[in-house]
Amino acid sequence: MASFRLNRKNAISFRSFQSQPDVYANAIDNYAHDRALHLGKKLHAQLIINGLARLTIIASKLIAFYTECGKLSHARKLFDKIPVTNIRRWIALIGTYARCGLYQEALGVFWDMQRECLKPNKFVIPSVLKACGHILDWKTGEKIHGISVKCSFEVDAFVNASLIDMYSKCGHVEKARKVFDEMVVKDLVALNAVVAGYAQHELAEEALVLVESMQSLGVQPNIVTWNTLIAGFSQKGDEVMVSDLFRLMLADGVEPDVVSWTSIISGLVQNFRNEEAFDTFKQMLSHGFCPTTATISTLLPACATAAKVKHGRELHGHALVIGVEEDIYVRSALVDMYAKCGFISEARTIFCKMPQKNMVTWNSMIFGYANHGYCNEAIELFNQMEKEDENKIDHLTFTGALTACCHAGTIELGQSMFKIMQEKYKIAPRLEHYACMVDLLGRAGKLYEAYDTIKSMPIEPDLFVWGALLAASRNHGHVDFAEIASKHLLELEPESAGNRLLLSSLYADAGKWEQVVRLKKMMKRKRLRKLPGCSWIETV
DNA sequence: ATAGGGTTAG
């Protein structure tokens, strides 16, 4: 009797002990889904107090929660507190990171796992390869390839398809093809991964040849294959081939879907055929297809001039109606579109209501400010990004911020940013950064410093760098530097009439009329003519 | 656990 009671008591307490963590686990899941960082933190504090935070199940959920909220350091700290008992937890964390787009973190955990001498299984390899593919790190991908071979995973269809995808994304299409050729049983996913590799690197013809040869071996293309081919030819601007494929696909009994349409539209936008892109979009709608986030965000850059803002607003309306306005791609493209069209406050409104921002979101807003003369706002936003989202700062962020410094004429700030970029963020200056620095110094009349900057460059200056020096020389009437700059410009860009006009007006300013006549004669001889400036106004 | 269409650029 006594033992029965004891057992029952144990059973009850065991059950309540079991159910309580489940309740908390669910709550954390919900907070992760809503990205309710504040509420989640409060719950975490409570779990530390009642001791449940130590449970593996709770800790795992908290890791997922912080990961979802973008608080990686929190996630990692928790992870490191959990004793390593089995590899499944490592693999789950790697998978979570890879799915969330946190590729560096995924790889970091993978190498930690290797350091702990835990053998990877074949399930973790695709996640890690996906991470390599996205960050274009084929060197690491190749190491993973080696590990896969050593572990005899190379017969696995998932591992092979992931290897092909990784090499394809990194531009090593021939390595991808080699993996495919060595596969004993070639499946459709692997084929499509090679086809994508070809299509995305302007080798659509190769892709087509491969698909045809596989067809003769009995592997039939599916809608993914067709859409990949369409995307490949559409990016190349080969519209004849695109419509042929569209027909072939129909004849094959495969119905084109919204991805097929979006691929065509994307190609048209890439090739600056905006009108046709919109026509195709209308055709797509008339065929009864509902646009997706990809359709909207691919079309928005085609509306990024003041004359096209009406189209942009229409797309914004579509996004609201079909309920995809919250998508980060759509919103980033909207921020950029409104900013480029000059509707800075509308851009800012969308920007501010975004709970998650990516580098494109931040950079678009910073560029929007910088290009419209809101230099202080651009610089303030850069400071805000440093505080809130430092890890998303990249070379474009600095281009935007330096452009703002240029327009504002804040030399010291520009110089310190140029330094911070290299020293703190380890970003090697690119041509556009040097062009900004030359522009910044040149505008202030510091032509010697500007020229010293050019001479210190470890990379070959391009026409924007020399152009900045030439423009500054012209504005400050400095003929010597103008001659140096124009000499380089002529070497780099012999066809550019604009630079010569700039130079000739400099000579005119300086009173060297005979030089002007000589230059203009030379331009006439080469039949170079500066295109007249033009603007676009939408007629209703 | 793998394959297709998407946002920033002087």
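These numbers come from the heavy atoms of this one structure, side chains and all, not from hydrogens, waters or symmetry mates. So that the names make sense, note that chain A is the first sequence line, chain B the second, and so on, each numbered from 1. Computed from a prediction, not measured in an experiment: that's the story for all the values here.
A close approach under 4.0 Å does not occur between any side-chain nitrogen or oxygen of A:Lys186 and OP1 or OP2 of B:dA3.
Remark: the A:Asp439 side chain and the B:dG10 base include no donor-acceptor N/O pair separated by less than 3.5 Å. Under 3.5 Å, the side chain of A:Thr292 and the base of B:dG5 form at least one donor-acceptor pair of N or O atoms. Side chain A:Ser162 to base B:dT2: no donor-acceptor pair is found below 3.5 Å. A donor N or O paired with an acceptor N or O is not found under 3.5 Å between the base of B:dG5 and the side-chain atoms of A:Ser266. If you check distances only, the side chain of A:Thr298 never reaches the base of B:dG6 with a donor-acceptor pair under 3.5 Å. Counting atom types as modelled, A:Asp462 pairs a side-chain N or O with a base atom of B:dG10 as donor and acceptor under 3.5 Å. For B:dA3, the base has a donor-acceptor partner in the side chain of A:Asn222 [N/O atoms by modelled type, under 3.5 angstrom].
The residue A:Ser297 sits close to a base: some heavy atom pair falls under 4.0 Å. The residue A:Thr262 sits close to a base: some heavy atom pair falls under 4.0 Å. Residue A:Leu431 is in base contact, counting any heavy-atom pair closer than 4.0 Å across all strands shown. Among the atoms of the strands shown, none is found under 4.0 Å from any heavy atom of A:Asn160. Contacts of A:Leu299 with the nucleic acid, taken as non-hydrogen atoms under 4.0 Å apart, are absent. Heavy atoms of A:Asp257 sit under 4.0 angstrom from at least one base atom. Among the atoms of the strands shown, only primed sugar atoms or phosphate atoms (P, OP1, OP2) are found under 4.0 Å from some heavy atom of A:Lys340.
The side chain of A:Lys169 sits closest to B:dA3 out of B:dA3, B:dG10, B:dT8. Picking from B:dT8, B:dG6, B:dA9 the nucleotide with the shortest atom distance to the side chain of A:Asn363 gives B:dT8. When each of B:dA1, B:dT7, B:dA3 is scored by its nearest atom to the side-chain atoms of A:Ser332, the top-ranked nucleotide is B:dT7. Of the candidates B:dT2, B:dG6, B:dA9, the closest approach to any side-chain atom of A:Ala161 belongs to B:dT2. Minimum atom distance to the side chain of A:Leu396 is reached by B:dA9, of the listed B:dG5, B:dA9, B:dA1. Listed candidates were B:dT7, B:dT8, B:dA1. Nearest to the side chain of A:Pro126 is B:dA1. When each of B:dT2, B:dT8, B:dG5 is scored by its nearest atom to the side-chain atoms of A:Val258, the top-ranked nucleotide is B:dG5. Ranking B:dT7, B:dT8, B:dG10 by closeness to the A:Gln270 side chain, first place goes to B:dT7. Of all nucleotides listed (B:dT8, B:dA3, B:dT7), B:dT7 comes nearest to the side chain of A:Asn358. Nearest to the side-chain atoms of A:Thr399 among the listed nucleotides B:dT7, B:dG10, B:dT2 stands B:dG10.
Atom CE in A:Met359 sits about 15 Å away from atom P in B:dT7, given to the nearest Å. Straight-line distance from the CD atom of A:Gln235 to the P atom of B:dG6: 6 Å, rounded to whole Å. Across the protein-nucleic acid pair, A:Leu334 atom CG and B:dT7 atom C1' stand 10 Å apart, rounded to whole Å. The separation between A:Phe153 atom CZ and B:dT2 atom C1' is 15 Å, rounded to whole Å. For A:Asp336 and B:dG6, the CG to C1' distance is 13 Å, given to the nearest whole Å. As rounded to whole Å, 10 Å separates atom C1' of B:dA3 from atom CD of A:Gln200. Note: CD (A:Glu432) to P (B:dT8) measures 16 Å, nearest angstrom. Here the P atom of nucleotide B:dG5 and the CZ atom of A:Phe281 are 19 Å apart, to the nearest Å.
For A:Trp466 and A:Tyr434, the gap between ring centers reaches or exceeds 6.0 Å. Under the 6.0 Å cut-off for aromatic ring centres, A:His145 and A:Tyr167 qualify, their centroids lying closer than that.
A cation-pi contact, defined as under 6.0 Å to the ring centre and within 45° of the axis, links A:Lys186 to A:Phe180. Within the cation-pi definition used here (under 6.0 Å to the ring centroid, within 45° of the axis), A:Lys357 qualifies as a partner of A:Phe351.
Ring-to-base geometry places A:Phe158 in a stacked arrangement with B:dA1 (centre distance under 5.5 Å, plane angle under 30°).
Between A:Lys236 and A:Glu202, no side-chain nitrogen of the basic residue sits less than 4.0 Å from a carboxylate oxygen of the acidic one, so the salt-bridge criterion is not met. Electrostatic pairing of A:Lys392 and A:Asp389 counts as a salt bridge here, judged by a charged N lying under 4.0 Å from a carboxylate O.
The distance from the CG atom of A:Leu191 to the CD atom of A:Gln215 is 9.5 Å, given to the nearest 0.5 Å.
Under a 3.5 Å cut-off, the side chain of A:Asn271 and the backbone N or O of A:Arg273 do not form any donor-acceptor pair.
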